[in-house]
Amino acid sequence: MSAIDVPLPRVRNQTGAAPGTTHSGQCTHISQCTLCEAHCGIHVTVTDGKVSRIEGNPDDVFSKGYICPKATAMGGLHHDPDRLRTPMRRVGDRFEPVSWDEAFAEIGTRLRRIRKEHGARALGMYLGNPAAHSSGAFYGLMLRLALMTPNFFSASSIDQMPHEYAAWRVFGSNMLVPITDIDRTQRLVIIGANPAVSNGSLSVMPGAKRRIKAIRDRGGAVVVIDPRRTETARLADQHVAVRPGGDVYLLLGMLHVLVAENLCDRAAIAEQTSGWDRLTALVAGATPEAVAERAGVDADTIRTLARDHAAAESAAVYARIGICQQETGTLVSWLVMVLNTVTGNLDRAGGTMFSTPFADLPRAARYVPVGHAAWSDRSGRYRSFRAELPAVAMADEILTPGQGQIRAMITYAGNPVSSIPQKGRLDQALAGLDLYVAVDMYVTETTRHADFILPPVSPLEREDVALLTTIFSVRNNIRFQHRSFDPPAAALEDWEILSRLTAELLPAPLRQLLAPVRNRLIAFANPLRMTALALLTGPYGRLRKGRKGITMRQLKASAGGLDLGALQPRLAKVIATEDRLVTLAPDEFVEAAAAYLRKPADAAEGHYDLQLIGRRQLRSNNSWLHNVPTMTGGNNKCTVLMHPDDARARGLSQGAAVRVTSAVGEIEVPLDISDDIRRGTVAVPHGWGHRDTGWRHANTLPGANVNTLHDPHRVDAFTGTAAVNNTWVAVTGA
Ligand SMILES: Nc1nc2c(c(=O)[nH]1)N[C@H]1C(S)=C(S)[C@@H](COP(=O)(O)OP(=O)(O)OC[C@H]3O[C@@H](n4cnc5c(=O)[nH]c(N)nc54)[C@H](O)[C@@H]3O)O[C@H]1N2
Ligand SMILES: Nc1nc2c(c(=O)[nH]1)N[C@H]1C(S)=C(S)[C@@H](COP(=O)(O)OP(=O)(O)OC[C@H]3O[C@@H](n4cnc5c(=O)[nH]c(N)nc54)[C@H](O)[C@@H]3O)O[C@H]1N2
Ligand code: SF4
Ligand SMILES: [Mo]
């Protein structure tokens with residue numbers, strides 16, 4: 001058990017061991033892979049204290065036995081000798097172990113001193129991606145509240161913020177991002193996502209390949225719109241190689257056809273929406289011929305895409321990160337929501353719908369303030385959205401002297417030095433802080449600058465019920481992550497570490513009063529108790545459903561979670577706009593789209609004549625899985641992908657070392673020639689180039705940080721999300 005001993009409800013099978021699989025020295029545990037949103041069910045076999053096998057859990061109600069190659073990394077991470085297991089304090093250029101109590105006491109004193117001398121704005125926090133994969137996220141947000149600082153940043157602003165902003169404008173809340181009903185649709189159009197590799201995000205779909213194949217098996221069609229013929233495109237009926245950043249034109253062109261040819265669902269529009277006239281006025285001039293060149297897609301294809309969409313029995317457009325990390329991110333997210341709505345595919349089976357998770361956040365969305373434009377960064381360039389500032393503003397907020405400069409940072413489960421474009425300035429910024437505390441289990445490009453690193457238990461030592469993943473799942477479900485290992489005696493989980501940090505920030509009388517009972521109070525508010533409460537009071541709980549309601553006991557005893565059914569129509573219940581209608585044409589979007597329609601086609605910027613996009617890899621997980629040797633090697637390499645014609649024109653050959661240069665930086669990587677990528681476009685994966693970290697294996701791998709090439713000030717206009725999917729570069733022999 002962890003240092004804070006949490007009493008838990010007694011269950012039939014406390015380790016989660018599958019019946020009949022335990023024998024001397026070997027035990028199989030039911031658990032979950034928590035490396036990405038899919039949270040696939042796994043069976044972890046432990047032999048003599050070591051993970052000997054990880055397999056998909058066939059009884060998991062959602063992932064149904066599927067795992068991707070990353071699942072086995074859960075064992076690699078657990079046993080990784082480089083993973084930190086005790087809190088560390090910086091002493092000169094080294095880290096030395098320190099006790100938890102000493103660490104929290106010193107951090108508390110220093111944080112409070114900085115806050116007293118310089119105000120709350122001098123404290124900053126960054127929340128990274130894996131935070132969302134455990135209940136730790138909620139305790140992270142508690143800490144964020146206790147910090148009371150406008151300087152809060154997260155990986156969302158290099159990720160899904162444009163979807164959230166569009167959802168806020170269109171449906172009234174950032175929490176109302178519609179989910180693709182992939183398992184029932186007859187036509188799936190995927191724009192800027194590669195679920196065959198990623199297994200879906202914001203439409204969480206473990207085993208995406210199987211789900212995509214099933215659409216075709218039941219007579220439906222799948223279309224992928226992507227500058228690269230991706231692993232997903234290979235499963236599709238049609239691949240449309242859009243120009244990077246061309247989606248805004250493609251979608252406006254499709255909407256023009258739908259309106260001009262009277263292919264929209266006028267009954268659904270009348271019932272569900274406002275703003276139809278403004279929308280039709282906007283797209284009136286966006287004929288396929290007018291937008292084709294800028295979309296990089298010919299007019300006939302645009303016309304056919306629109307007609308086929310309208311003709312399908314049910315259809316869903318699913319767009320994800322390829323369109324978010326663009327200057328047009330929010331506009332494209334909006335147009336996708338509009339397209340789904342005007343074709344009658346919002347809130348109906350096979351279209352896009354809202355989930356009913358065990359804690360009904362979609363329904364509560366109406367009452368949660370988003371904190372949009374409540375403040376800005378000190379330069380005035382970026383406004384807050386969802387009570388945070390974009391991560392690209394972080395380096396300046398730390399480095400620029402004056403009132404409100406950040407002097408103390410807390411990062412939780414993030415590696416922004418690698419994951420955010422910041423021209424290398426974040427390295428310098430973090431190194432110069434008065435105090436930097438990292439909640440992380442590795443010494444990374446980022447945490448190596450910390451004064452304290454506070455490591456949580458390994459994911460296999462955690463028991464949890466992830467809420468966020470269920471909110472975005474393509475089917476309602478609730479699943480339990482059992483422990484495969486008991487944590488070492490003194491270990492803490494993320495939620496405990498974050499709660500202890502929060503306690504340090506409480507006002508003096510409360511903090512002192514609390515000291516003797518603090519740990520017991522913290523232990524009382526553990527994630528499983530919170531989950532039990534949410535379950536009890538939520539849509540499936542006993543308070544609502546009486547004896548039919550589900551309980552934690554049932555959940556824990558299940559072999560692979562509980563299926564809560566297909567997505568249900570519930571727009572009328574959840575919509576959070578003032579008039580309770582879908583806002584088809586928010587003013588600021590219409591104006592911005594009209595401006596794009598007036599713009600000429602994007603052209604090469606000087607000698608930077610290739611458009612650089614990203615490439616997510618099956619065995620990488622953003623920046624942090626490269627220390628597990630089985631996740632590296634083979635085809636998991638950092639290379640630049642280029643079309644044969646572009647390589648020939650530059651006299652470059654397969655495998656050659658090349659220099660990729662942009663207006664703000666350069667990297668050297670090997671060349672990979674393939675006609676999978678559109679001419680004029682190149683792709684480099686992110687999360688590589690590990691140097692000077694505690695990841696001893698990863699440090700030895702070739703590769704470079706692609707974010708060196710991206711200009712931090714090229715962002716989505718509405719959210720400040722870094723536009724890393726469309727940077728002009730030149731590629732030359734190294
Ligand atoms: N194996 C693996 N799985 C992961 C992750 C991982 O690192 N590795 N990360 C997880 C995380 S954090 C996330 S957010 C999700 C993301 O999940 P996805 O959104 O599926 O991510 P990508 O695979 O990057 O897909 C983005 C696609 O957009 C395309 N694209 C680039 N520019 C454009 C453009 O201008 N227009 C269009 N239409 N397409 C464009 C790219 O070629 C790429 O195929 O994946 C999650 N799953
Ligand atoms: N150029 C470019 N950049 C990108 C992207 C891209 O497509 N192109 N994709 C972006 C996307 S989608 C994302 S989500 C971001 C991710 O950006 P970040 O969240 O900043 O970085 P990660 O690489 O996910 O690093 C996660 C960190 O959390 C630590 N960690 C892992 N699990 C846990 C845990 O359970 N608890 C704690 N406390 N720590 C943990 C790891 O050791 C690692 O240091 O990167 C983005 N950056
Ligand atoms: S898709 Fe892969 S990485 Fe994601 S949860 Fe499933 S097994 Fe883990
Ligand atoms: Mo992400």
Side-chain angles (χ1 to χ4, degrees), residues 32-40 42 56 63 66-71 73-74 77 83 126-134 136 154-156 158-160 190-202 206-208 224-228 230 232-233 240 242-247 250 319-326 328 332 391 411-421 438-442 444-447 454-459 462 494 497 611 613-625 677 681 683-687 705-707 709-710 722 724-726:
Q32 252 175 43
C33 173
T34 52
L35 295 177
C36 81
E37 284 164 69
H39 283 237
C40 298
I42 52 176
S63 57
Y66 170 83
I67 48 168
C68 85
K70 290 200 297 302
M74 290 285 280
L77 289 171
R83 182 168 62 80
Y126 174 87
L127 187 134
N129 169 265
H133 302 166
S134 82
S154 81
S156 297
I158 181 123
D159 189 337
Q160 84 279 6
I190 300 176
I191 309 187
N194 188 10
V197 164
S198 66
N199 283 293
S201 171
L202 293 192
V224 171
I225 297 175
D226 196 304
R228 179 165 77 86
T230 58
T232 308
V240 178
V242 68
R243 191 181 57 70
D247 308 86
L250 173 64
R320 196 50 189 99
I321 211 156
I323 61 101
C324 285
Q325 298 163 331
Q326 296 279 359
T328 53
V332 175
T411 63
Y412 161 36
N415 189 6
V417 169
S418 170
S419 58
I420 307 293
V439 183
D440 201 303
M441 61 264 217
Y442 283 110
T444 69
E445 289 84 351
T446 302
T447 65
L454 309 177
V457 300
S458 102
R462 191 161 71 195
D494 276 320
I497 299 171
Q611 281 170 293
I613 62 168
R615 192 167 95 241
R616 211 163 284 268
Q617 295 162 302
L618 191 56
R619 283 182 296 139
S620 292
N621 203 27
N622 295 318
S623 73
W624 68 281
L625 223 48
I677 189 124
T681 303
V684 177
H686 70 284
N705 181 357
V706 72
N707 279 323
L709 296 171
H710 301 300
V724 297
N725 258 329
N726 191 353

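Note that ligands are numbered from 1 as they come in the structure, with each ligand's atoms numbered from 1 the same way. Computed from heavy atoms alone, side chains included, the values below leave out hydrogens, waters and symmetry copies.
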* **Protein contact to atom 8 (N) of ligand 1 [nearest heavy atom, distance to 0.1 Å]** => S620 O, 2.7 Å
* Under a 4.0 Å heavy-atom limit, does S201 contact ligand 1 with its side chain, its backbone, both, or neither? -> side chain
* For atom 14 (S) of ligand 1, closest protein heavy-atom neighbour -> D159 OD2, 3.2 Å
* Structure fact -> In terms of its nearest heavy atom to atom 35 (O) of ligand 1, the top option of H133, R619, Q326 is Q326
* Among all protein heavy atoms, pick the one closest to atom 4 (C) of ligand 2 and tell me residue, atom and distance. => H686 CD2, 3.4 Å
* Asked: Using heavy atoms and a threshold below 4.0 Å, how should the contact between T232 and ligand 1 be classified: side chain, backbone, both, or neither?
  -> neither
* Sub-4.0 Å atoms of ligand 3 with respect to non-hydrogen atoms of N199 -> 1 (S)
* Is C40 close enough to atom 6 (Fe) of ligand 3 to have an N, O or S atom under 2.8 Å? -> yes
* Asked: Would N199 count as a contact of ligand 1 if the rule is a heavy atom under 4.0 Å away?
  -> no
* Which is it for D247 and ligand 1 at heavy atoms under 4.0 Å: side chain, backbone, both or neither? -> side chain
* **Proximity of Q160 to ligand 2 by residue part, where a heavy atom lies under 4.0 Å** => neither
* Have a look at D226, V332, N622, N621 and point out the one with the heavy atom closest to atom 29 (C) of ligand 1. => D226
* Structure fact -> Heavy-atom proximity to atom 2 (Fe) of ligand 3, picking from P206, C36, C68, points to C68
* Structure fact -> Restricting to heavy atoms, the pick from P69, A208, G192 nearest atom 39 (N) of ligand 1 would be G192
* **Sub-4.0 Å heavy-atom approach of P459 to ligand 2** => no
* Structural part of N194 in contact with ligand 1, heavy atom criterion under 4.0 angstrom -> both
* Any N/O pair I323/ligand 1 closer than 3.5 Å -> no
* Considering only non-hydrogen protein atoms, determine which one is nearest to atom 11 (C) of ligand 1 and report residue, atom name and distance to 0.1 Å. => R616 NH1, 3.5 Å
* To do: Indicate, as side chain, backbone, both or neither, the part of Q617 found under 4.0 angstrom from ligand 1 when only non-hydrogen atoms are considered.
  => backbone
* ligand 2 contact on I321 by region, counting heavy-atom pairs under 4.0 Å -> side chain
* Out of N129, D440, L35, I420, indicate the one that has the non-hydrogen atom closest to atom 42 (O) of ligand 2. => D440
